[in-house]
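Shown next, in structure tokens, is the structure this report addresses.
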There are 2 protein chains.
Amino acid sequence: MGRPSRKAAAAIEPAAKPTEVTGQSAGEIRAFRRSLPMALLKAREAVMARFRPLLHEHDLTEQQWRVLRALTTADEFRAGELARVSSISMPSLSRILRTLEKRGLIQRGIEDKDLRAAQISITPSGRDMIALIAPHSERRYAEITAAFGADRLATLYGLLDELADCLGGPDGGDGDEE
Amino acid sequence: MGRPSRKAAAAIEPAAKPTEVTGQSAGEIRAFRRSLPMALLKAREAVMARFRPLLHEHDLTEQQWRVLRALTTADEFRAGELARVSSISMPSLSRILRTLEKRGLIQRGIEDKDLRAAQISITPSGRDMIALIAPHSERRYAEITAAFGADRLATLYGLLDELADCLGGPDGGDGDEE
DNA sequence: CCGATTTATATAACATGTTAAATATTAACC
DNA sequence: GGTTAATATTTAACATGTTATATAAATCGG
């Protein structure tokens, strides 16, 4: 309830120019807009907004789609591999595989040599699903490329890869660095 | 179980070079590695891996931190504003605010002129939390900037902003485009 | 061969993302 | 002025992210 209404102080944060990166005033906290995670998130949101409706039409989530797509790049996967390749955590992948198996889009087996290891593969039905969606997905990609420019897109890919590489090593990686 | 082991077909997907962006063979599906959402996700993961442990030490999630940070940029927020500024969906924000209020890090009131609208503000306790964490957060930022290069980081920020802008308009925005 | 450690996967518990629907309040229109 | 549409927020239901732990099987050491 009764907080003193000092709304005048609301404009503390100056509107950061696009080129202004080190937007920090005196002893204050880093300008909120210049948060790298936020910038990456917003860009990702904007991109996914183009793809989500398409996947949703076929009752697929983004992650389920990633798993199916990954499964087309090799004949069989172990769960751990699949998690790494599709950038999905093992707990999530475990649930996703259960769902996709129920829907008949993937198959699961067990390796002979290592009874712990799973053999995960896409089914013909799964391939049909991909064949159905992929062309539309490509169209969205083409739209994005046209809107943003192929050259800038290439630059962006490069920077993103380099950023992940550069942070993956020293400390940020999943390596056990007790 | 007994799936024919045609492992030879596993190499359909050519290993894309870093510079190769339009990695598409004949009628095949887009090279999985060249997925823009994936590239953005991996970069974000790499960055967040640097910050998450820090927040976790103080029992804060990334999103709770975003909300607190956003609340320092103005004296009061309505829930909708806060959701937009911190890039959190309203349903999530609703839960987050409940949690943060219980912990005494934020306060909630109601606007006189519009009884639907919330007046959300950070508490002194919330500011203390930020003051405690912010210096460490800044150090991580400095590390990332040093590792990646301030110039490339600036370029990346620019591209990410432009990508979000460019996709926000035509179709991808939240506008009801029935 | 047996116990301890590592590896591969799954579960549990809680927080958030996504979509849809509910609720409450305001604005609009006749 | 009262019904209807729009707005602000919440809740529900389900899927995923994050962390920790459990389970099972392989490996290592004695």
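Note that the coordinates shown come from a computational prediction; the quantities given were computed from them, not determined experimentally.
The nearest whole Å value for the distance from the CD1 atom in B/I110 to the C1' atom in D/dT10 is 13 Å. The CZ-P distance, from A/R66 to D/dG17, rounds to 7 Å in whole Å. Rounded to a whole Å, the CG atom of A/L100 is 13 Å from the C1' atom of D/dT16. For the pair A/M90 CE and C/dT7 P, the computed distance is 15 Å after rounding to whole Å. One interatomic measurement links the two molecules: CG of B/L55 to P of D/dT19, which rounds to 10 Å at whole-angstrom precision.
The shortest side-chain heavy-atom distance between B/R98 and B/R108 falls under the 4.5 Å cut-off.
Only one option out of B/Q64, B/R69, B/Q63 pairs with B/R66 in a side-chain contact (heavy atoms from CB on, under 4.5 Å); it is B/Q63. When each of B/V85, B/L60, B/L105, B/L97 is tested with B/V67 by the rule side-chain contact (heavy atoms from CB on, under 4.5 Å), just one qualifies, namely B/L97. When each of B/T155, B/D161, B/L163 is checked for a side-chain contact (heavy atoms from CB on, under 4.5 Å) with B/L159, only B/T155 meets the rule.
If you check D/dT19, D/dT9, D/dT16 against the side chain of B/R52, the one that comes closest is D/dT19. Closest contact between the side chain of A/A118 and the listed nucleotides D/dT19, C/dT9, D/dA8 involves C/dT9. Of the candidate nucleotides C/dT9, D/dG17, D/dT11, D/dT11 has the atom lying nearest to any side-chain atom of B/R98.
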For nucleotides 13-15 of chain D, tabulate all protein N/O to nucleotide N/O atom pairs closer than 3.5 Å, reporting atom names and distance.
none

Using atom names, set out every protein N or O paired with an N or O of nucleotides 23-29 of chain D below 3.5 Å, distance rounded to 0.1 Å.
{"residue": "D/dA26", "atom": "OP1", "partner": "A/L115", "partner atom": "N", "Å": "2.9"}

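Contact record, A/K42 with B/A164: O-CB, 4.3 Å, taken as the closest heavy-atom pair.
For A/R44, no side-chain nitrogen or oxygen approaches OP1 or OP2 of C/dG17 to under 4.0 Å. The phosphate of D/dT9 has neither OP1 nor OP2 within less than 4.0 Å of any side-chain N or O from B/S94.
Residue contacts for A/L93: at a heavy-atom cut-off of 4.0 Å it reaches no nucleic acid atom on any strand shown.
Judged by distance alone, the side chain of A/S137 and the main-chain N or O of A/I133 form no donor-acceptor pair under 3.5 Å.
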Could you walk me through whether A/F51 and A/I144 pass the side chain to side chain contact (heavy atoms under 4.5 Å, CB included) check?
CA-CA 11 Å; A/F51 289 102; A/I144 291 173; 3.8 Å; yes

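A search for side chain to side chain donor-acceptor pair (under 3.5 Å) contacts involving B/T123 returns nothing, not counting sequence neighbours.
Atoms NE2 and CG, on B/H136 and B/L55 in that order, are 11.5 Å from each other to the nearest 0.5 Å.
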